[in-house]
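Report on the structure given below.
Chain naming here is simple, since letters A, B, ... match the order of the sequence lines and numbering starts at 1 in each.
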Amino acid sequence: MSDVYEKVIDLARRRGFIWPTAECYGSVAGFIDYGPLGSMMKRRIEDLWRSFYVIQEGYYEIECPTIGQESIFIASGHVKGFSDKMVQCPHCREYHRADHVAEGHKVPGASTMSAENLGSALRDLPCPSCEKPFGEVEVFHFNLMFRTSIGPGSQRVGYLRPETAQGMFTDFQRLLRFYRDKLPFGAVQIGKSYRNEISPRQGMIRLREFTQAEAEIFVHPNEKSHPEFARYSGYTVPLLGIPQQEACTPVVPKTMHDAVQSGLIANEYVAYYLALTHDLFIRIGIKPEKIRFRQHLPDERAHYAEDCWDAEVFSERFGWVETVGIADRTDYDLRAHAGESGEDFSVFIQFDAPETVKKTVVVPSQKALGPKFRDKAKKITQALSEAAPVQGGITVNVDGEDLFIGPEFYEVREVETEIQGVNIIPHVIEPSYGIDRMCYAVLEHAYDEEIVEGEERKVMRFPPKIAPIQVAVFPLMSRDGLDTIARGITDALRKRGVLAEYDDSGAIGRRYRRQDEIGTPFAITVDYDTKEDGTVTIRDRDSMRQVRVAAADIPNLVHSLIEGTKGFSEICV
RNA sequence: GCAUCGAUGGUCUAGAGGCAUGACUUAGGCCUUCCAAGCCUAUAGCCCGGGUUCGAUUCCCGGUCGAUGCACCA
């Protein structure tokens with residue numbers, strides 16, 4: 001038991017936060033089960049995320065299938081781009097990225113080469129592990145997407161989604177209607193995504209099935225000022241921009257206002273969600289000194305992305321872990337789906353005032369054309385209105401025949417037309433959260449041990465809002481009617497919507513410690529004074545301080561302590 | 001996926017080719033008027049498959065999971 005990771009994972013396993021999946025069959029790497037307390041905590045984190053994105057921002061949540069048809073992922077680029085060309089050395093049986101090996105030996109165009117060509121390029125190159133030349137090898141694609149088929153005996157290919165984002169793009173037209181054709185708007189989704197990682201390790205950090213919370217915010221390409229930017233413009237966030245990374249200088253704290261003004265962050269939208277993420281991280285219990293925002297370097301950023309930042313959280317075990325990605329993805333995704341589906345993914349932007357455009361046009365005279373040209377009149381009319389406006393006769397081509405139409409058959413007129421607006425393809429701002437990584441960070445950062453009267457006390461210092469069990473209720477002795485009173489208080493708390501646990505087994509000190517270890521923020525104890533004056537003690541997990549309060553006030557008091565509208569120190573006076 | 005090492009009650013651990021230790025936890029009881037006290041009792045274990053052997057949890061081989069290194073990856 002050396003580092004915090006082992007202690008945290010041990011505690012999480014013992015107390016029902018995180019379990020290896022299906023242990024009775026021996027588990028599989030990259031999959032985990034959330035136990036009773038872990039599920040509760042994860043749900044509370046997701047709900048806090050919702051309170052930011054859905055309630056505060058007004059981006060409604062949608063829920064799309066985790067299996068998608070092939071076209072979706074052809075459009076998104078995952079069918080092509082989400083796979084690696086791999087090669088196995090026939091001598092030492094090690095796997096390598098074929099393109100990386102070729103690049104290492106300066107094979108021109110290695111990164112874009114086909115599998116066949118890469119195979120022949122590798123023939124005489126030495127294996128990076130055993131140095132022997134590869135010889136005749138097969139270069140194969142390893143796609144990180146789980147592939148399946150839809151329907152019985154069907155040829156229809158499906159994939160388990162590798163991200164939740166595509167659902168918001170494929171529902172774009174419906175969403176646009178839902179938001180009554182106005183930009184900006186956003187939609188979010190919390191759900192499972194799947195990536196068939198080659199070798200997942202690092203416990204909860206790299207999973208094959210994981211939970212993402214993603215927001216896709218659709219904005220006008222030229223209007224990237226967030227309407228609520230004032231909320232976070234003075235908010236300071238630790239930034240590790242490209243300049244800092246290139247100069248190897250430390251993180252700089254900057255207000256969002258300054259970061260946007262100086263051009264470090266591309267626009268207000270990106271900056272806004274950086275600050276919001278920081279805000280959310282603090283609220284779920286991630287330590288401020290273990291948060292930084294790192295900007296993607298130009299070569300790691302997707303070619304279409306305008307700007308991209310990762311929120312990284314420091315872990316004693318894993319170092320800086322990317323937990324959230326916040327990117328301005330421009331119009332790439334919508335254009336991709338427009339191209340693949342042939343549908344229109346644009347938004348009509350109405351001008352404040354219609355623009356009037358003066359144009360000279362040809363107005364054919366139907367009255368004159370009809371009698372003269374009979375059945376050809378219709379086509380001639382059409383051709384005339386598209387012709388350049390010249391006086392004195394126009395030659396038009398109808399059914400391969402050039403016809404001269406005299407000036408008596410048309411009129412050249414100056415007209416004013418009104419243009420009501422323009423069609424644009426919105427840009428997408430995408431904050432994408434790895435919920436499992438957040439859960440791990442919360443567990444690791446909450447873990448604490450201290451020595452109390454010569455005994456080690458393990459405490460999970462979760463924020464009250466995140467703690468799975470919100471309050472524990474104990475009778476000092478499980479007799480003399482104290483247990484009945486305590487059960488009554490437990491019921492009253494439950495009626496108030498508080499998750500309360502009753503416990504009367506063993507010594508009181510042991511019961512406090514049990515709750516400390518699972519991070520229950522408050523404990524109510526019913527003692528003999530309760531029978532006299534109707535008061536109970538309420539104990540604060542972090543300070544271990546106790547105050548007497550009226551038992552009748554407990555449900556409302558605990559509720560406000562959990563919601564954070566009241567702090568424990570306030571009730572101590 | 002490769003290489004090395006490991007796997008014993010829920011947790012930590014002793015152990016040997018022939019009855020599997022101890023501690024903590026948990027449960028029940030006694031005791032106890034606020035921070036893992038004490039006493040009694042109980043529950044619970046040799047990762048899976050194959051081989052060698054009269055007999056394997058122990059030795060051998062394969063697998064699974066975990067740790068580490070390499071590779072891979074956000």
**Message:** Mind checking if Glu197(A) touches a base, just sugar-phosphate, or nothing, with heavy atoms under 4.0 Å?
**Reply:** sugar-phosphate

**Item:** Whole-Å distance separating the CG atom of Asp10(A) from the P atom of A67(B)
**Value:** 14 Å

**Request:** Give the rounded distance in Å between these two atoms: CZ of Arg206(A) and C1' of G1(B).
**Result:** 12 Å

**Prompt:** When you look at NZ of Lys566(A), are more than 12 heavy atoms from neighbouring residues, nucleotides or ligands closer to it than 6.0 Å?
**Reply:** no

**Request:** If the plane angle is over 60° it's perpendicular, under 30° parallel, otherwise tilted; pick one for Phe146(A) and Phe31(A).
**Result:** tilted

Could you list, one pair per line, each protein nitrogen or oxygen that sits under 3.5 Å from a nitrogen or oxygen of nucleotides 32-36 of chain B, together with the distance?
from, atom 1, to, atom 2, distance (Å)
C34(B), O2, Tyr512(A), OH, 2.5
C34(B), O2, Gln546(A), OE1, 3.4
C34(B), O2, Gln546(A), NE2, 2.8
C34(B), N3, Thr537(A), OG1, 3.4
C34(B), N3, Gln546(A), NE2, 3.0
C34(B), N4, Asp527(A), OD2, 2.8
C34(B), N4, Thr537(A), OG1, 3.2
C35(B), O2', Arg513(A), NH2, 2.6
C35(B), O2, Arg539(A), NH2, 3.3
C35(B), N3, Arg539(A), NE, 2.7
C35(B), N3, Arg539(A), NH2, 3.4
C35(B), N4, Arg539(A), NE, 3.1
C35(B), N4, Met544(A), O, 2.9

**Request:** Find the distance His78(A):NE2 to A74(B):C1' and express it as a whole number of Å.
**Result:** 12 Å

**Asked** Looking at side-chain heavy atoms only, is the closest gap between Phe568(A) and Arg545(A) below 4.5 Å?
**Response** yes

**Request:** Between U32(B) and G38(B), how far apart are the C1' atoms? Round to whole Å, please.
**Result:** 9 Å

**Item:** In C30(B), glycosidic geometry as syn within 90° of 0 or anti otherwise
**Value:** anti

**Interatomic distance where CZ belongs to Arg13(A) and P belongs to C65(B) [whole Å]** = 14 Å

**Prompt:** Distance between the C1' atoms of U52(B) and U41(B), in whole angstroms?
**Reply:** 44 Å

**Message:** Taking A20(B) as the reference, what is the distance to G1(B) when you measure between their C1' atoms (whole Å, please)?
**Reply:** 37 Å

**Message:** Between A7(B) and U26(B), how far apart are the two P atoms, rounded to whole Å?
**Reply:** 28 Å

**Message:** Which residues pass the side chain to side chain donor-acceptor pair (under 3.5 Å) test with Arg14(A), not counting sequence neighbours?
**Reply:** Asp10(A), Glu517(A)

**Message:** Main chain of Glu444(A), side chain of Lys7(A): is a donor-acceptor contact present, judged purely on distance under 3.5 Å?
**Reply:** no

**Prompt:** Looking at side-chain heavy atoms only, is the closest gap between Tyr194(A) and Met145(A) below 4.5 Å?
**Reply:** no

**Request:** State the dot-bracket string of RNA chain B. Criteria: Watson-Crick or G-U wobble, both atom distances under 3.5 angstrom; notation: ( ) intrastrand, [ ] crossing earlier pairs, | interstrand, . unpaired.
**Result:** (((((((..(((.....[...))).(((((.......)))))....(((((..]....))))))))))))....

**Message:** Rounded to whole Å, how long is the line connecting atom CG of Asp33(A) with atom P of C65(B)?
**Reply:** 14 Å

**Asked** When you compare G6(B) with G63(B), how far apart are their C1' atoms, in angstrom units rounded to a whole number?
**Response** 15 Å

**Asked** Side chains of Tyr440(A) and Tyr5(A): donor-acceptor distance under 3.5 Å anywhere?
**Response** no

**Complete:** In whole angstroms, the gap separating C1' of G66(B) from CZ of Phe31(A) amounts to 17 Å

**Whole-Å gap separating P (A74(B)) and CD1 (Ile326(A))** = 19 Å

**Item:** Which residue lies more 5' along RNA chain B, comparing Arg294(A) with Pro200(A) via nearest heavy atoms
**Value:** Pro200(A)

**Request:** Calculate the interatomic distance between Trp19(A) atom CH2 and G10(B) atom P; express it in whole Å.
**Result:** 13 Å

**Request:** Using distance alone, with no hydrogens and no angle criterion, decide if Gln515(A) and Glu501(A) have a side-chain donor and acceptor under 3.5 Å apart.
**Result:** yes

**Request:** Would you classify Val28(A) as touching base, sugar-phosphate or nothing, given that sugar-phosphate means primed atoms plus P, OP1 and OP2, and contacts are heavy atoms under 4.0 Å?
**Result:** sugar-phosphate

**Request:** Could you verify whether a donor N or O on one side chain and an acceptor N or O on the other, from Thr21(A) and Asp33(A), lie under 3.5 Å apart?
**Result:** yes

**U58(B) to G17(B) separation - C1' atoms, rounded to the nearest Å** = 7 Å

**Asked** Does the side chain of Gln189(A) come under 3.5 Å of the side chain of Thr164(A) through a donor N or O and an acceptor N or O?
**Response** no

**Fill in**
Closest non-hydrogen contact found for Arg511(A) with Asp504(A) is NH1-CA, 3.5 Å

**Prompt:** How far does the P atom of A16(B) sit from the matching atom of C30(B), given to the nearest Å?
**Reply:** 43 Å

**Request:** Tell me what Arg14(A) touches on the nucleic acid: a base, only sugar-phosphate, or nothing, going by heavy atoms under 4.0 Å.
**Result:** sugar-phosphate

**Asked** Given the P atoms of U21(B) and U43(B), what is the spacing between them in whole Å?
**Response** 14 Å

